[in-house]
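In what follows, every heavy atom counts, from backbone to side chain, and hydrogens, waters and symmetry copies are set aside. Whatever order the structure lists them in is the order used to number ligands and atoms, beginning at 1.
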Amino acid sequence: MVLAQLGGSISRAIQQMSNATIIDEKALNDCLNEITRALLQSDVQFKLVRDMQTNIKKIVNLDDLAAGHNKRRIIQQAIFNELCKILDPGKSSFTPKKGKPSVVMFVGLQGSGKTTTCTKYAYYYQKKGWKPALVCADTFRAGAFDQLKQNATKAKIPFYGSYMESDPVKIAEEGVERFKKENCDLIIVDTSGRHKQEAALFEEMRQVSEAAKPDLIIFVMDSSIGQAAFDQAQAFKQSVAVGAVIITKMDGHAKGGVSQQLRVLSFLLVLESIWMNLKSFDVKPFVSRLLG
Ligand code: GDP
């Protein structure tokens with residue numbers, strides 16, 4: 001079910017409940033069952049949906065609500081709050097501090113947008129007066145260093161990498177060391193794309209992480225990946241300490257685009273923090289838009 005349909009189904013369920021002459025147990029249950037069906041069809045995890053139902057029923061105790069209470073509004077608010085809870089990771093991730101050296105490492109599948117996002121991330125902070133630097137620890141993909149170099153040069157951001165060295169662990173270590181000496185306050189380490197079926201590459205990622213000692217590891221994910229997102233995200237999180245997610249290709253030009261948003265977000269609840277194209281994800285406006 002695409003996002004617009006999901007929002008429509010939930011809004012219709014709420015509307016039907018609001019139109020009922022009497023708000024009784026049946027009207028509430030019908031509404032919650034409709035919402036449950038819509039969320040499950042959008043691949044939101046069963047446990048989350050079940051918890052949402054239970055919580056709403058706990059909050060909206062029809063027997064205890066006096067006749068004067070506006071039950072419709074109370075139910076609507078409870079649904080809104082619970083939808084926000086489903087999408088809210090609850091914790092914020094590590095935040096780098098200006099002037100203090102931080103290392104942020106980017107991981108993800110091939111082609112997810114890591115290199116592009118690394119530069120956007122560096123540029124975002126550079127514009128705020130930080131001193132970022134980029135390290136290309138992707139020795140696997142031919143042209144990866146050239147791509148990072150090109151991006152970094154365009155944005156006037158210092159970079160480190162090698163055409164000769166094939167060990168990404170060594171590059172990560174040397175790059176981080178160099179930029180720490182140069183007093184950079186945000187050292188960004190780009191890594192090769194990999195997926196969970198590639199055990200050796202996962203081991204390599206672990207070693208790069210040990211060498212770079214990142215304060216934050218960001219998992220970069222293409223919004224059109226769909227069902228595979230959950231397994232991949234979980235595999236990355238089990239191997240290295242993923243602390244945040246950036247979802248790329250949300251601009252609607254790429255395949256999948258916006259229609260995948262909720263699907264993707266529900267998969268990501270295994271992770272701690274959600275970023276979207278370098279803007280912090282704000283749950284409430286998102287749910288408001290979803291419900292129209
Ligand atoms: P990497 O292999 O993970 O480093 O991925 P790249 O950064 O090389 O990106 C792969 C492709 O996706 C490139 O063609 C990028 O231009 C494109 N790309 C990356 N981020 C976005 C995005 O947010 N929107 C769109 N439309 N394309 C993107």
Q. K237 versus F219: any side-chain heavy-atom pair under 4.5 Å?
A. no
Q) Can you find an N/O atom of T115 closer than 3.5 Å to an N/O atom of ligand 1? A) yes
Q. With atoms numbered from 1 as shown, which atoms in ligand 1 lie under 4.0 angstrom from a non-hydrogen atom of K120?
A. 23 (O)
Q. Under 3.5 Å, N or O to N or O, is K114 touching ligand 1 that way?
A. yes
Q | Lys/Arg N to Asp/Glu carboxylate O, K170 vs E173, below 4.0 Å | A | no
Q. Looking only at heavy atoms, what is the nearest atom pair of I217 and S209, with distance?
A. CD1-OG, 3.7 Å
Q. For T116, is at least one N or O under 3.5 Å away from an N or O on ligand 1?
A. yes
Q: Examine ligand 1 and decide if any of its atoms is less than 4.0 Å from a heavy atom belonging to G108.
A: no
Q) Going by the atom numbers of ligand 1, which of them fall below 4.0 Å from some non-hydrogen atom of Q147? A) 6 (P), 7 (O), 8 (O)
Please list, one pair per line, the donor and acceptor atoms closer than 3.5 Å that link side chains of residues 201-208 to other protein atoms, with sequence neighbours excluded.
from : atom 1 : to   : atom 2 : distance (Å)
E203 : OE1    : R206 : NE     : 3.1
E203 : OE1    : R206 : NH2    : 3.3
E203 : OE2    : R206 : NH2    : 2.9
E203 : OE2    : Q207 : NE2    : 3.0
E204 : OE2    : R194 : NH1    : 3.1
R206 : NH1    : E210 : OE2    : 3.0

Q) Under 3.5 Å, side chain of T248 to main-chain N/O of M221, donor-acceptor pair present? A) yes
(Q) Counting only nitrogen or oxygen atoms and a 3.5 angstrom limit, does S112 reach ligand 1? (A) yes
Q) Non-hydrogen atoms of G111 versus ligand 1: any pair closer than 4.0 Å? A) yes
Q | Residue pair S166 / T139: nearest heavy atoms and the distance that separates them | A | O-OG1, 3.0 Å
Q) For ligand 1, does M221 get within less than 4.0 Å through its side chain, its backbone, both, or neither, judged by non-hydrogen atoms? A) neither
Could you go through residues 148-157 and list every donor-acceptor pair under 3.5 Å that involves a side-chain atom there, pairing it with any protein atom two or more places apart or in another chain?
from : atom 1 : to   : atom 2 : distance (Å)
K149 : NZ     : Y163 : OH     : 3.1
N151 : ND2    : T119 : OG1    : 3.3
T153 : OG1    : K149 : O      : 2.5

